[in-house]
Structure formats: structure tokens, C-alpha cells
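Here's the structure we're looking at; comments come further down.
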Amino acid sequence: MKVTGRTWTRWGLVMGMLAALGAEADPPPVNSAQGSRLHGTERFETVNIPLSSIEPAGTPAGVDCSNGAGMLGGRLLGAQGCTGANPPLPVRFLEGPDFVGTVFRAPFEGRSVKLTIEAVQCHVSITGQPIPCTAQNVSSGTAFWEYRVTAATEDSQPQPLCPTGSGFALAVPHAWSSGGELIPNSEYFTFACVAKDEGTSQPFFVGGGVIAKCIDWGYPPWATTFPQNVALEYHQLCTRMAVADYCGEGRSNTLDGTPLKFMGPKDAILLDPGGLPATVEGYSLEAVWKVDECGEVRPLCLGKKRWDTLPLEATCVNRSLLIAPRPSRPCESMNLSAYANSTLLVSYSLFIDRSLVMFKDANNGWMTTTAVTVDPATIEGGSSVTGIHLDLDANGVADASGFTAYRKEGPILSPKLPADIRTRMGSLIKPLYRCVNSSGRYLLTDDSQCERISGFALKVINGDQGIEGFVYSSVDVTSTGQRRPLKLWRSLLTPGVYATSTQAQAGFILVRELGYLPSVGQLPARDL
């Protein structure tokens with residue numbers, strides 16, 4: 001028996017029913033963590049899988065079989081019909097554990113990749129208690145199956161498709177562009193890697209990809225709370241927000257694991273009907289995300305804190321943007337009342353990254369620090385240091401000093417790194433200590449004894465133990481996006497003058513490497 005269009009008729013009816021479900025309402029506000037990848041598959045991020053490529057396990061020998069697969073919401077379904085068997089074989093339907101051993105093949109780098117489902121289990125959402133995968137729960141869309149998948153190209157051995165997170169993936173309908181755009185196409189699906197709970201005192205789901213996170217947060221690319229067309233927009237909104245893709249180009253501007261709190265428009269308006277508060281429960285306002293008239297996702301604005309902490313790798317911030325400039329309309333001044341029924345999300349973040357800036361004075365003195373303030377009228381970001389000033393007392397006002405900003409070195413992890421993140425990262429990170437002598441010379445080093453240089457001592461600010469921030473102590477050489485080494489330099493011309501930088505200064509020699517600056521979205525040892 002062939003698998004024809006009629007074989008899928010009942011599934012099509014169910015899909016129509018799913019698309020009609022639900023009135024529009026905000027899913028509840030969520031606290032979680034940002035990510036840097038859509039799928040979390042690393043090498044295979046751009047793979048879109050044709051449903052027609054299904055090869056079910058256990059196909060009888062000597063018979064002619066036709067196969068098919070489809071997606072109903074978050075359900076991956078398969079079917080196989082065979083002729084030539086005696087006695088005749090019935091059509092076989094596949095779902096959940098039936099898929100173990102099933103193969104899909106997808107185009108990849110001018111060839112193909114073989115994706116084999118090795119195991120299937122019931123998915124545990126990151127937002128609630130486990131829901132068993134009973135027939136009723138799966139058919140109603142309240143429970144999902146997740147899949148452990150291996151990937152193999154023609155010239156490589158099978159490897160886990162999901163190297164981070166739980167190791168399992170959700171099956172998700174539609175395709176994605178390399179620029180992070182959701183492409184509605186019922187003939188394709190993707191595997192989205194699931195995060196793993198690495199919390200101690202409370203759950204903290206990290207790793208994997210943000211597509212799976214957005215599904216768990218209540219924004220899947222199929223009809224549930226929202227009708228189908230709105231659900232697709234909200235899923236795109238959620239994924240852009242979760243990777244901090246401010247420019248809509250498929251590039252992350254955040255560090256994986258950055259704590260995040262977000263909400264829909266109705267809940268955001270309840271925070272303050274006249275405008276958005278700068279902080280909520282310790283989280284700083286990041287952005288208001290909206291789908292524009294062309295279907296593109298862009299922030300309507302960025303929060304003041306996000307402008308100030310945009311790291312060196314932040315993309316497109318020095319070009320003309322649709323984002324309102326910092327001085328004309330920061331998010332803090334936005335009244336969302338007119339957007340109550342709009343498709344938008346409001347995000348708050350802890351910003352665990354800080355911009356490390358090198359300063360220079362007229363006497364060839366150097367200071368490298370994250371303690372800066374930025375002129376309100378400055379569109380700051382990328383490598384530009386225009387409008388950046390010292391703010392050692394953290395009062396938001398530029399210090400009176402002879403130092404001027406010289407170069408942005410890149411991001412380092414905040415000295416206020418949440419305790420659970422710091423514990424999990426363990427020996428992978430180490431602190432940079434802030435030292436100063438009586439002559440006003442500065443030194444930033446990984447040695448709490450200030451290199452044992454006579455006259456230098458730790459400079460403690462507001463009880464921070466003299467810690468400027470954290471850098472990485474090791475680098476995962478197997479992943480893409482090599483980190484830049486931060487180095488300590490000593491002047492050959494003036495005794496007692498040191499500089500901490502990624503680049504050599506004229507007249508300075510290298511003392512040693514101190515650690516590594518993280519590239520945005522890519523961390524050593526896949527630690528977050």
C-alpha cells in the first residue's frame with residue numbers, strides 16, 4: 001500500500017483544528033537565560049530537514065515501501081506503506097518511540113548529512129512540572145517527544161547533534177535561513193536542542209538552542225495561545241530576543257546563559273502605565289522587540305544600560321539602524337499604552353558582560369577598566385570610544401581625570417556575576433584585580449598580590465575585593481570563535497608603568513598572558 005495524500009487526510013484535519021485554537025493572551029512572564037544559537041547544534045545550525053527524506057527503521061526486506069512524514073504542531077509523525085509482502089502489510093504509523101532508528105537526510109555544505117534518531121523520551125519543559133506523554137497529552141499538544149540524534153557526513157563518524165544542553169532535541173516545523181529568519185514551509189522541519197537544568201538552589205536551564213526555549217516559554221511556531229499567523233510572528237520575536245539579535249542578521253549580541261526576564265505587552269504595561277521601569281527585580285531594561293510592517297523583527301528601542309554595555313563584537317551598532325538612537329528615545333521613556341494589542345515583547349537582562357576600555361593620560365600612563373560612563377547623546381558600540389569616560393565611583397557622572405578613552409579591548413564578565421553562574425564555571429574563569437600605587441599608576445592583573453611590585457596595592461571599590469571582572473582561564477580549541485588573549489605589558493622606558501591590553505603598545509614588552517576575552521555568543525569549554 002502506498003502512502004498517498006489521503007493517508008495524511010486525518011492529520012491535515014487535526015492541523016486545521018490546532019490552527020483554530022486559542023484566543024490571544026500573554027503567556028506568563030518568564031525568568032530564564034539567553035542563548036547564542038538558534039538550534040544549539042553548532043556545526044549543523046543551518047540544516048533544514050526535508051520531511052520526505054524519512055527512512056523508517058525495520059523496513060522489511062524484499063518489499064517495495066513508500067514513506068512519508070509530517071508535522072502537526074510539535075508532533076513529528078511518520079507513515080510507511082509497503083507492497084509485495086505476503087501476507088500484505090498494513091500501513092505503519094510512527095510517533096514517539098516508534099522513531100528509534102529512523103534516518104533523515106538533509107542538504108549540508110554541498111553534500112548531505114545523515115541524521116539518525118537514537119533514542120526518544122518525553123520532553124521536560126523548562127517552565128513547569130513534567131507532563132507524561134500519554135496519548136491524550138501528546139494529541140492535545142500539552143506534552144512532546146524529544147529525540148537524541150546523531151549526525152554523520154559522508155567523511156565523518158556519527159557525532160551528537162546536540163553537544164550542549166540535555167543532548168536531546170525537539171522536532172520543530174518549518175525551515176530557517178542562515179540569517180535567523182523563520183521560513184514557513186510545511187515540507188521541512190528542524191531539530192532544536194533542549195537546554196539542561198544546571199541550577200543548584202533553583203532551576204537554571206542553559207545550553208541547547210533558543211528555538212526550544214521559546215517553545216517552552218509559550219511561543220511555539222504553531223497555534224496555541226495565538227492563532228497560527230501570530231504564533232509564527234511571536235516565535236520569530238522570541239528567538240531574536242533570546243539571542244539579542246538587534247540587527248535581524250542572525251548574529252548574537254549576548255553571552256549564552258545571561259539571565260533574562262521578559263513579558264508580553266499587557267504585562268509590561270502593568271509594570272508602569274506611563275513608561276517602562278529601568279529595572280525589575282534586579283534586571284535592567286534591555287529592549288522592546290516588535291514585528292514591523294515588513295514582517296521583520298527589530299527592537300523599537302534599547303534600554304540605557306544596554307547601550308552602555310554593548311560589547312566590542314556588538315553588530316551593526318555603528319551603522320544606520322531602525323532602532324531609535326539612545327538620546328532620542330531610550331526604552332525607559334516609552335509609553336506602551338498604544339501597543340497593548342501589538343505583537344511585541346519586552347526584555348530585561350542582568351548583562352553579565354561589561355565593556356573593557358583602555359584609557360591613556362598625557363604622562364603615558366594607562367588604565368584598563370570597565371568602570372565607565374557614556375555621554376547620553378552618544379550612539380556607542382562596536383570599537384568606537386567616543387563619549388566614553390571614567391566613572392570609578394559608579395555614580396553615572398564622568399570623573400575629573402586626565403585619562404581619555406583609547407581603545408575598547410572587548411567584553412569581560414561582570415564582577416557582579418551571579419553566584420550560580422560563577423560556581424558552575426568554576427576554574428574556567430578567573431578574576432582580574434585592580435591595583436594602584438601612590439603615584440596614580442594603575443595595573444590590571446590576575447595576581448591578587450599585584451605582581452608583588454613595590455608600591456602597588458589592591459584598590460577596592462564598594463567592597464568588590466578589588467575585582468574588576470572575570471576572564472576565561474582556558475579556551476576550547478574545538479569550537480569556533482577563538483577568544484582573544486588579554487596580556488600584561490611593561491614599559492621599557494618608564495619604570496613602574498604597566499598596561500593591560502590585547503595589543504602591544506610602543507615601547508612595552510610582554511610580561512605574560514592573563515586569560516581570554518569571550519567573543520559574544522561563543523564561550524570556551526561550552527560552559528554556559
Side-chain angles (χ1 to χ4, degrees), residues 11-30 32 35 38-39 48-49 51 70-77 123 125-128 131 137-146 169-177 180-192 194 209-243 245 248 260 262-268 288-299 339-347:
W11 291 358
L13 291 173
V14 175
M15 181 176 285
M17 292 172 63
L18 288 172
L21 289 175
E24 291 187 47
D26 285 356
V30 172
S32 189
L38 281 174
H39 295 86
N48 294 305
I49 309 166
L51 285 158
M71 292 291 305
L72 291 180
R75 299 172 63 189
L76 176 62
L77 302 169
H123 174 58
S125 171
I126 66 176
T127 60
I131 300 175
N137 289 340
V138 171
S139 62
S140 67
T142 58
F144 304 97
W145 296 107
E146 61 183 27
L170 296 179
V172 185
H174 308 303
W176 291 82
S177 74
E181 179 184 1
L182 174 61
I183 304 172
N185 190 324
S186 61
E187 296 181 1
Y188 287 85
F189 81 105
T190 61
F191 282 119
V194 174
V210 300
I211 291 176
K213 284 185 178 181
C214 285
I215 292 171
D216 283 349
W217 291 341
Y219 299 100
W222 59 81
T224 53
T225 302
F226 305 103
Q228 178 67 19
N229 63 324
V230 179
L232 289 171
E233 290 185 341
Y234 260 116
H235 188 68
Q236 180 75 86
L237 261 178
C238 181
T239 55
R240 295 286 194 199
M241 173 195 71
V243 298
D245 185 1
L260 176 72
F262 66 93
M263 63 210 72
K266 297 178 178 63
D267 289 299
V288 175
W289 305 82
K290 189 177 183 299
V291 177
D292 65 21
E293 293 77 5
C294 299
E296 300 292 329
V297 174
R298 295 288 190 278
Y339 296 95
N341 296 314
S342 299
T343 305
L344 64 80
L345 293 171
V346 178
S347 59

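Only this structure's heavy atoms are used, side chains among them; waters, hydrogens and symmetry mates stay out.
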- Message: Quick check: closest heavy atoms across Leu51 and Ser186, and the distance to 0.1 Å?
- Response: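 Heavy-atom minimum between the residues: CD1-O, 3.3 Å.
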- What closest approach, in Å, do Ser342 and Pro265 show between heavy atoms, and which atom pair accounts for it?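 Closest approach of Ser342 to Pro265, heavy atoms only: O-CG, 3.5 Å.
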Got a second to check how far [X]'s [atom1] is from [Y]'s [atom2], nearest 0.5 Å?
X	Y	atom1	atom2	result
Glu181	Asp245	CD	CG	11.5 Å
Asn48	His39	CG	NE2	6.5 Å
Thr343	Leu232	OG1	CG	11.0 Å
Leu344	Tyr234	CG	OH	5.5 Å
Lys213	Cys238	NZ	SG	10.0 Å

Can you check whether [X] reaches [Y] side chain to side chain, under 4.5 Å on heavy atoms?
X	Y	result
Leu76	Trp145	no
Arg240	Pro299	no
Leu260	Ser347	yes
His235	Ile211	yes
Glu146	Leu170	yes

- Aromatic contact, Trp217 with Phe262 (centres under 6.0 Å):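 Yes; Phe262 has its ring centre under 6.0 Å from that of Trp217.
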- Query: Taking the six-membered ring where the residue is Trp, are the ring centres of Trp222 and Phe144 under 6.0 Å apart?
  - Reply: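 Ring centres of Phe144 and Trp222 closer than 6.0 Å.
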- Go through the steps to decide whether Lys266 and Asn341 satisfy the test side chain to side chain contact (heavy atoms under 4.5 Å, CB included), and finish with yes or no. CA-CA 8 Å; Lys266 297 178 178 63; Asn341 296 314; 4.1 Å; yes
- Query: Mind checking whether Tyr219 and Phe226 have parallel, tilted or perpendicular rings, split at 30° and 60°?
  - Reply: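 Ring orientation, 0 to 90° scale: parallel.
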- Check whether any side-chain N or O of Gln228 sits under 3.5 Å from a backbone N or O of Ala223 as a donor-acceptor pair, and report yes or no.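 Between the backbone of Ala223 and the side chain of Gln228 there is a qualifying donor-acceptor contact (under 3.5 Å).
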- Show your working on side chain to side chain contact (heavy atoms under 4.5 Å, CB included) between Trp176 and Leu182 and close with a plain yes or no. CA-CA 5 Å; Trp176 291 82; Leu182 174 61; 3.7 Å; yes
- Kindly indicate, with the supporting measurements, whether the criterion side chain to side chain contact (heavy atoms under 4.5 Å, CB included) is fulfilled by Gln236 and Val291. CA-CA 9 Å; Gln236 180 75 86; Val291 177; 5.9 Å; no
- Message: Could you walk me through whether His123 and Asp216 satisfy the side chain to side chain contact (heavy atoms under 4.5 Å, CB included) test, starting with their C-alpha distance in whole Å, then the side-chain angles of each, then the deciding distance to 0.1 Å, before giving a yes or no?
- Response: CA-CA 10 Å; His123 174 58; Asp216 283 349; 2.9 Å; yes
